[in-house]
Engineer: 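If you scroll down you'll find the structure; I have some questions about it.
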There are 4 protein chains.
Amino acid sequence: MARIVDKKAKQKEILQAAMRVFARKGVANTKMIDVAREAGIGKGTIYEYFSSREQMLHMAFSYLLHRIKKLVVQRIDAAMDPREKIRTGVLAYLDVATMKIEDYADILMDFWAQSVRQRGSQSDFSIDLQHIYQDYRDLVVPALEEGIQQGLFRPMDPEKVASALIATCEGLLLQWLADRENFDLMAHGQAAVALFLEAFQIPANSQQNNRPTMPAESTQVDRLS
Amino acid sequence: MARIVDKKAKQKEILQAAMRVFARKGVANTKMIDVAREAGIGKGTIYEYFSSREQMLHMAFSYLLHRIKKLVVQRIDAAMDPREKIRTGVLAYLDVATMKIEDYADILMDFWAQSVRQRGSQSDFSIDLQHIYQDYRDLVVPALEEGIQQGLFRPMDPEKVASALIATCEGLLLQWLADRENFDLMAHGQAAVALFLEAFQIPANSQQNNRPTMPAESTQVDRLS
Amino acid sequence: MARIVDKKAKQKEILQAAMRVFARKGVANTKMIDVAREAGIGKGTIYEYFSSREQMLHMAFSYLLHRIKKLVVQRIDAAMDPREKIRTGVLAYLDVATMKIEDYADILMDFWAQSVRQRGSQSDFSIDLQHIYQDYRDLVVPALEEGIQQGLFRPMDPEKVASALIATCEGLLLQWLADRENFDLMAHGQAAVALFLEAFQIPANSQQNNRPTMPAESTQVDRLS
Amino acid sequence: MARIVDKKAKQKEILQAAMRVFARKGVANTKMIDVAREAGIGKGTIYEYFSSREQMLHMAFSYLLHRIKKLVVQRIDAAMDPREKIRTGVLAYLDVATMKIEDYADILMDFWAQSVRQRGSQSDFSIDLQHIYQDYRDLVVPALEEGIQQGLFRPMDPEKVASALIATCEGLLLQWLADRENFDLMAHGQAAVALFLEAFQIPANSQQNNRPTMPAESTQVDRLS
DNA sequence: TATGAATGAGTCTTCATTCAT
DNA sequence: TATGAATGAAGACTCATTCAT
């Protein structure tokens, strides 16, 4: 019998090695040999676990998104209040980018560009961004609807607002990528969340007595960062 | 002087040819020979006007940004009311992406990825994204400050809010790129603007008489899309 | 002894698997892994029975030739008349190629090319084509000599004529390979045999009474296909 | 203006360099770098003249066949008598193989094998062997028909006989390839031609007076080599 | 004995850049 | 100034062979 190897585990190992290199050199500048060396294996070995560079990239991206989503979902689920869910979700998402370990944001950006470009190409590995965004929205929309239902948020189109919220997160990420040293991502994230929650707020005059909870906090948020 | 003018003009011609190719094939997939052919010149001739591919890319990106900014500034300047400036600016920015002529958004995305990727490399092509974002902010901040001053907007940190606004625009652009057919960029843009303006609004109860203009409109915006 | 027999048997099994793959994909396109899979064994196992790919190829070719020769010899031996031996030998040889089972001809062609190509190289796989042709000739020459002796064939250089006969067979095979659908190999084979037998015939005027057998047939052959 | 280069001429130069390498190492063992070095150019330069290795191979083969055919046709056309045309054509064809300069036969063999194997593959460069053989036949058939018409050859199926004749030539070539040192190709060729002409001969008894020419020669041919 | 995971030498091909004209 | 022929470094991928189990 030959060596027993956990194919899945080794694939994951290579993927993680790949992501470390991606973070250092960028996806486009990463050669197969770099990944091999980082993983401590031979060049050819990669091809035992991935059919091509492109497929490896694709799996790396999927893996990354999966990890991000898992983290964000966890934090959202832990929050009880709809406002808290929004705040927590946004900050969690941005936080992932801050995690230095694997430089998510960089890699994400690379993949994004690649996805956009591969749209319509013959490649089997183009990433389905539409579904990813829909996934994101499906995370945010319930919290918004819950807030509306509870009389915490004014009536709105939850899909559109979710899109805007997600857009803001990603846009802030971009700005942070452009200037990591000086751009305080979390502070901007908090300000943005406050802004959104402000907008969700039911106007004082039209407001009955359905805002008994957290008045202190809401006031606190009034001062936009 | 004639020589210099010629030089500049030809450079611009090449740049425009390059952008047409970028739009068709993506920045990463564009070869020097493609640009040369599109421009109707010889491959070597490009190097008479640009020192390297990287430098050409850099100039192309600058050129693109410059065009976008010019368009947006024009429209902002045409608006009188601070709220109108915000709305107009956002929509103008998004509109540029919708312009089919040169597929700006795609190219933009490509450049963005390149910039991020090549951060820290010794390359000729390190776009100063920080400055670009600062430029954007400098476009938005005055409108915000004007609004505050006029008592239209509640007090806020204009830099942070500007960042959030810009972030939202770019984030929406990303989502549109991911799904051009189904994602109605302008509708989302309008909803987002409405949301922001809502948040800027001075709470009804704390509001004196400093909102004499455009009450009708502001009400209209109340229903978030 | 049991071990040795097993070894030989397994080697033969692998060889047969290899030939099935050769027939499907061509010798040059056949990888060791293909052979292993076809044989239902592990890749490494092949190396227990053959020292290298080259050596395996060599043995496969020998095996193939051996099978062909055996079939042809059988049929020649079954014929009594020298003319019948010639006719039967040629048609038997061509028939083997027609056998769909293992696509002999294709493989043969591949091996031929390899042999020619690797002439003079240090490889394990230098097939001794000279000996193979000598073998073929040694099959034909006796029949010719017998025919001469019996006064059926005119005097000739049997070695040269045998070469020509063999050459014709292989040449026809080549043409058939080039156009299997339309080239009727057996019909061409029969025509060629008739032609040769015609040439072997002793001229009518110089002919005494030494052609008592098969006058009907010989007349029949007169009309060249 | 850039250097003026005769594209066609350079392509031919590279082709000839390639064929020299093919002759030395075999087509399959010839690397692009070998061809480049032999041609005294850079590796990349080859790709200025050929789109791929395969296409280069294809053109080399075409070139080779073209040269062979041209030579053979020349010699056939120079002969007046149908028998002379046959003899001359065969010997000319075999002669080309003997030309040491570019080791035609070797290369031919390689290409042949490759063609046979590529039949049915998706490659654009598979060689149309059927047409090549038809070309050969179209060279031989007229001579045969002329001979029949002139009453020199007995009635026959010219297409089939032509096939046999061509087959014999190629078969002899194969044998020569297998054993260049000892196999006297031209002698065998002459013997084969004599054999064929013998077979074409109209039987003495059925012969009227339509063979007045060259009785000496025909007798001479009677002794098969 | 059998295996298949691991390997890296070897190959084709691409393309930015150079430079002779 | 303009050109495009020439180049070679670089990189994805293949596959025969090895060897630990």
Side-chain angles (χ1 to χ4, degrees), chain A residues 1-7 10 14 28-37 39-57, chain B residues 3 6-7 10 29-37 39-57 124, chain C residues 3 6-7 10 29-37 39-57, chain D residues 1-7 10 14 28-37 39-56:
Chain A
M1 277 298 146
R3 241 158 315 173
I4 290 155
V5 175
D6 185 342
K7 277 260 175 192
K10 184 126 189 187
I14 296 174
N29 293 326
T30 297
K31 320 301 170 203
M32 295 308 264
I33 184 70
D34 298 328
V35 175
R37 275 202 267 262
I41 58 177
K43 190 164 30 104
T45 308
I46 298 179
Y47 290 87
E48 296 286 323
Y49 296 88
F50 304 94
S51 61
S52 68
R53 182 179 190 275
E54 205 174 354
Q55 197 235 343
M56 193 190 70
L57 255 43
Chain B
R3 277 281 173 68
D6 278 352
K7 195 102 180 167
K10 185 129 187 185
N29 294 325
T30 297
K31 324 297 172 207
M32 294 307 265
I33 181 69
D34 298 326
V35 175
R37 273 203 267 261
I41 59 174
K43 212 179 346 152
T45 310
I46 297 180
Y47 289 86
E48 298 291 327
Y49 296 90
F50 304 94
S51 64
S52 70
R53 183 181 189 273
E54 296 263 295
Q55 198 241 335
M56 192 192 71
L57 254 39
D124 287 340
Chain C
R3 279 278 174 66
D6 279 351
K7 195 101 181 172
K10 186 130 187 184
N29 293 325
T30 296
K31 325 294 173 208
M32 293 308 264
I33 182 69
D34 298 325
V35 174
R37 272 203 269 261
I41 58 174
K43 213 183 342 157
T45 310
I46 296 180
Y47 289 86
E48 299 291 327
Y49 296 90
F50 304 95
S51 63
S52 71
R53 184 180 189 274
E54 296 262 295
Q55 199 241 334
M56 192 191 71
L57 254 40
Chain D
M1 279 298 146
R3 238 159 317 173
I4 290 155
V5 175
D6 184 342
K7 277 260 177 193
K10 184 126 188 186
I14 296 175
N29 293 326
T30 297
K31 320 301 171 202
M32 294 309 265
I33 184 67
D34 298 328
V35 175
R37 275 203 267 262
I41 59 176
K43 194 161 30 104
T45 308
I46 298 180
Y47 289 86
E48 296 286 323
Y49 295 89
F50 304 95
S51 62
S52 68
R53 183 181 189 276
E54 206 174 353
Q55 197 236 340
M56 193 190 71

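In what follows, chains are A, B, ... by sequence order, proteins preceding strands, each numbered from 1.
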Engineer: Using whole Å, report how far NZ of D/Lys7 lies from C1' of F/dA5.
Structural biologist: 7 Å
Engineer: Is there a Watson-Crick or G-U wobble partner for E/dA6 with both distances under 3.5 Å, and which nucleotide is it?
Structural biologist: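 Base partner found: F/dT17.
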Engineer: Just verifying a value: how many Å separate B/Arg37 CZ and B/Ile33 CD1, rounded to the nearest 0.5 Å?
Structural biologist: 4.0 Å
Engineer: Of the options F/dA2, E/dA6, F/dA5, whose atoms approach the side-chain atoms of A/Lys10 most closely?
Structural biologist: E/dA6
Engineer: What is the minimum heavy-atom distance between B/Asn29 and B/Asp34, and which atoms define it?
Structural biologist: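 Looking at all heavy atoms of both residues, the closest pair is O-OD2, 3.9 Å.
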Engineer: Please give, in whole Å, the distance from F/dG11 C1' to A/Ile46 CD1?
Structural biologist: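 Rounded to whole Å, this separation is 12 Å.
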Engineer: How many angstroms lie between OH in C/Tyr49 and NZ in C/Lys7, if you round to the nearest 0.5 Å?
Structural biologist: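 Here the interatomic distance stands at 5.5 Å.
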Engineer: Can you see if the side chain of A/Tyr49 gets near the phosphate of E/dA5 - specifically, an N or O under 4.0 Å from OP1 or OP2?
Structural biologist: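 It does not, given that no N or O in the side chain of A/Tyr49 lies less than 4.0 Å from OP1 or OP2 of E/dA5.
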Engineer: Just how far, in rounded Å, is C1' of F/dA6 from CZ of D/Arg37?
Structural biologist: 17 Å
Engineer: Walk along nucleotides 11-16 of chain E from 5' to 3' and tag each nucleotide B, S or - by protein heavy-atom contact under 4.0 Å, base first, then sugar-phosphate.
Structural biologist: SSBBSS
Engineer: What is the distance, rounded to the nearest whole Å, between atom CG of D/Asp6 and atom P of F/dA5?
Structural biologist: 12 Å
Engineer: For C/Met32 and C/Ile46, work out which heavy atoms get closest and say how close.
Structural biologist: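 So the two residues come closest at O-CD1, 3.4 Å.
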Engineer: Quick one: closest heavy-atom pair of D/Arg53 and D/Ala28, and the distance?
Structural biologist: NH2-O, 3.7 Å
Engineer: Show the nearest heavy-atom pair for residues C/Phe50 and C/Gln55, with the distance to one decimal.
Structural biologist: CA-OE1, 3.3 Å
Engineer: When all nucleic acid strands are considered with a 4.0 Å heavy-atom cut-off, which category describes A/Phe50: base, sugar-phosphate, or nothing?
Structural biologist: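 No contact.
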